[in-house]
Each structure stands twice: as structure tokens, then as C-alpha cells.
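When reading the values below, keep in mind they use all heavy atoms of this one structure, side chains included, and skip hydrogens, waters and symmetry mates.
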Amino acid sequence: MRRRLTVLTMFEPSSDPQPESLRRRALLRGMAAAALPLVGCAPAQSKDGLVVGGLPVTCNLTLPIACTARAVSANAHGPGFKYRKFSGWPEVKESLMSGRIQAAYMLAPLVMDLVNARIPLKIVSLGHRSGASIMVHTDSPYRHFADLRGKRIAIPSRFAVDYLFLRKMLAREGMDIKDVRIFEMAPPDMPAALYADAIDAYCTGEPFGAAAQRKGYARPLALTRDEWPNYICCVLTVREQLIDEQRPLVQDLVNHIQAAGTWLDSDPAHRMKAAQIASQRSFFNQDPKVLRYVMENPPDRVTYGDLRMIPAEFDDLMHLSLQAGTVKQPIAFERYVDQSFVRAVQPVKVNI
């Protein structure tokens, strides 16, 4: 039987049609999940080179691998790049907008919205494919999305592609987002909230689905690898100023990101090594066993080998975002994507 805990989380319903805020007055007791310490923003440049922002999620795994490969490369010349961990997408967004950082992994729909608002950004590479899950209690009766009618579901952000994934799955069963109760919540808090019965389900990127699954109290109701194989979410985004002033550095970064993706999917042993590297304090600062679980269960839970930027896939994402109201007006692919760096990629050997 699932153990019920005292919950100090307060839900504040809102008349706003967007997802309701889930405000935490205190931490959930009995944290059964990997709620991890995170840090904030940093200057655009450091003594180690270009600062590149990211979140401690496996959709961002190519970034620590690229940073590590670049740092140990005997053939590398000029400024390199350094991973900087952020606590959430709002912090990444504000840091990119202000110029405190000039490169980061970002949510693709959020980049579309910012470029529509005349923020000078460009997507220069994908970071992954797949990698999101919708989790429910192991012993819950929920087997179909229709079973979630009226239930409480946590999402990371209304700009997250996880939110679009949830909308797609509900629509397949003739349901609307108004048929469930949506709350925004930081992904590290989601497993504990599910364990404590504060929510009935959550939709987010890994490793926060796998963290609960590995401990036995949650199971996937849906994985993007099964339901949306060409799912894309996190994309490498840079300020146009960086492209204008340091184009070779951007190319070097894209070379290493693309090489990291190829390396990750070329050998299962590489994925295990990547989990160990990313678990370090300088990167995700997470339990390597959880990251290894994501890499193995199943092996294509998140994939990295195909980092092509396909206009039709981005157009589909844009239309889904328009329907969700997270992007206010259509935007042409060429306005927010610069494919020149991927087209000019030079092979990089990953020796780690």
C-alpha cells in the first residue's frame, strides 16, 4: 500500500485559463525523489570560455558531454565553453534576454515566443529527441487518459513541450485540457508530490519520471518514445550577437554538441559513461544510478543521434503551441532557426 504523507503544498486555483500555479510554502516531507540543489545564472564568459546554460535533465545530456569532450581535446584551440546549471526555464529565459549568458538549451516554443517579441535569438542545433514521460502512481487505476478526467496533473511550464505532449494524449481520447486540473511545478518536486498524493500524475522530462519509477511508486502512462517519436523539446539557442561577433566559437560549440549526440547513441557503454559524467557536481549533481536507469529502461527512452533540424517538425510544434496559446502568432522557421552551423559541422572526436 502506498504510504500517505503530510503535505505542506498549497494549491491556489485560478480563473486564468492557463495552468494554475502550484506554490510551495514549504518542502514536501518524506522526499522520495531526487529533489536536487540547483544554482542560478552566470556571466556570459568565464575563464574557461563561453558559458552555456542548461538544466539537470537528460534532454540536456549532450551539453555536459560536449563540454567535457572540448575540455580534454588535444586539438582544441581558442576559448572553450563551460556548463552552467540553472534551476528552471524562467531563469534561463531571463539570463538570455538580458545577455548575462549568450548560449543555453531552451524550450523550442519559448524561443519562438521570444523571437516574436523581437528578442535576438537563434536555434542552432537540437539537443535530443524524445525523453518525456507522463507518470502515475504504480497502484493507481489509471490505464487510459480518460481515467484522468478531473485529476491533478503537474507540468513544468505552459511553454514546455511536455505540456503539448499531454494535450496530444488527451485529444486522442476526445478530451480537452479543461477536463483535467493543471498545475505548474518544478520537475524535481514532482516525484515527491506524486508519492505524497499531492498530485495524481505528472508530465516532464527525465530523469524525474525514471527517478520515481526506479523506486517503485510510479509507472509511465505514456512515453514520448512510443507516442511521439520525433518529439523535440530542448534546443541549443544563442544570441545573435554571439553569432555576429564569435561565429567560429558558435561553430565549435555546435560541432561538439552534434558529436556528443552521435557518440551517445553509438554504444550503450557510452551512455553509461555519460551518466557517470553528468552526475558530477559540476554538471547535474544527481545520483548516477538514476541517470543510468534512464539510459537503459528502455535504451531509447531519450535519443541523441539524430539532431537534424527539420522545418516541418518545427512547424508542427509551432501549430501545437498556437493551439495551446503558448505562442501568440505564427513565426517563420527562418526567423528563429539558423541552420548554417549544422550544415557546416566538422567531425569532432569524443575522447572521454
Side-chain angles (χ1 to χ4, degrees), residues 11 13-22 55 57 59 88-90 92-93 105-117 119 121 123 126-135 145-146 148-187 190 199-205 208-209 221-224 226-235 237 309-333 335-337:
F11 296 156
S14 169
S15 58
D16 192 320
Q18 297 295 350
E20 302 171 41
S21 282
L22 185 60
L55 266 61
V57 293
C59 294
W89 300 118
V92 179
K93 169 188 169 183
Y105 274 36
M106 280 278 282
L107 298 169
L110 186 52
V111 179
M112 297 175 192
D113 187 64
L114 290 174
V115 173
N116 261 333
I119 305 300
L121 302 173
I123 296 169
L126 294 190
H128 72 106
R129 286 187 182 274
S130 198
S133 58
I134 300 173
M135 306 298 295
F145 279 85
L148 293 177
R149 190 178 299 274
K151 304 303 180 183
R152 303 158 299 173
I153 305 177
I155 62 168
S157 163
R158 63 190 179 91
F159 286 100
V161 187
D162 314 315
Y163 178 47
L164 303 182
F165 178 39
L166 175 62
R167 290 174 63 96
K168 280 173 70 79
M169 298 308 298
L170 292 173
R172 286 187 189 179
E173 298 198 28
M175 296 172 65
D176 185 85
I177 203 69
K178 295 177 182 177
D179 292 323
V180 295
R181 297 170 61 195
I182 297 294
F183 298 93
E184 291 186 355
M185 179 184 289
M190 292 180 183
I199 55 175
D200 301 296
Y202 65 88
C203 181
T204 194
F208 303 110
L221 186 60
L223 296 172
T224 49
D226 299 319
E227 308 294 348
W228 193 358
N230 62 348
Y231 170 100
I232 53 176
C233 179
C234 299
V235 290
T237 306
M309 296 190 293
I310 300 172
E313 294 179 351
F314 277 93
D315 286 346
D316 180 50
L317 196 58
M318 179 191 66
H319 290 305
L320 290 170
S321 299
L322 286 167
Q323 292 170 8
T326 54
V327 172
K328 303 304 181 187
Q329 61 187 32
I331 180 169
F333 177 78
R335 282 190 57 202
Y336 63 92
V337 176

Do [X] and [Y] have side chains that approach each other closer than 4.5 Å (heavy atoms only, starting at C-beta)?
X	Y	result
Y105	L55	no
L317	I232	yes
F145	L166	yes
K151	V180	no
M185	I199	yes
L320	Q323	yes

Distance in Å, [X] [atom1] paired with [Y] [atom2], rounded so as to fall on 0.5 Å steps:
X	Y	atom1	atom2	value
I177	I155	CD1	CD1	7.0 Å
N230	I310	CG	CD1	7.5 Å
W228	L164	CH2	CG	5.5 Å
I153	D200	CD1	CG	8.0 Å
D162	C233	CG	SG	5.5 Å

What heavy-atom pair brings [X] and [Y] nearest, and what distance separates the two atoms?
X	Y	result
P311	M309	CD-O, 3.5 Å
E173	A146	OE1-N, 2.9 Å
A132	F165	O-CE2, 4.3 Å
K328	L322	C-CD2, 3.9 Å
P156	M190	N-CE, 3.5 Å

Please check if the side chain of [X] supplies one atom and the backbone of [Y] the other of a donor-acceptor pair under 3.5 Å.
X	Y	value
T326	S321	yes
Y202	F208	yes
S157	F159	yes
T224	G131	yes
E227	A222	no

Those residues that, when tested against D226, pass side chain to side chain contact (heavy atoms under 4.5 Å, CB included) (two or more places apart): L223

Sequence neighbours excluded and cut-off under 3.5 Å, please list the side-chain donor-acceptor pairs for residues 106-116, or say none.
| residue | atom | partner | partner atom | Å |
| --- | --- | --- | --- | --- |
| N116 | OD1 | Q329 | NE2 | 3.4 |
| N116 | OD1 | R335 | NH1 | 3.3 |
| N116 | ND2 | Q329 | O | 2.9 |

Given the ring of Y163, does R167 sit roughly above its face, with NZ or CZ under 6.0 Å from the centre of the six-membered ring and within 45° of the axis? yes

Please walk me through it: do Y336 and V235 pass side chain to side chain contact (heavy atoms under 4.5 Å, CB included)? CA-CA 11 Å; Y336 63 92; V235 290; over 6 Å; no

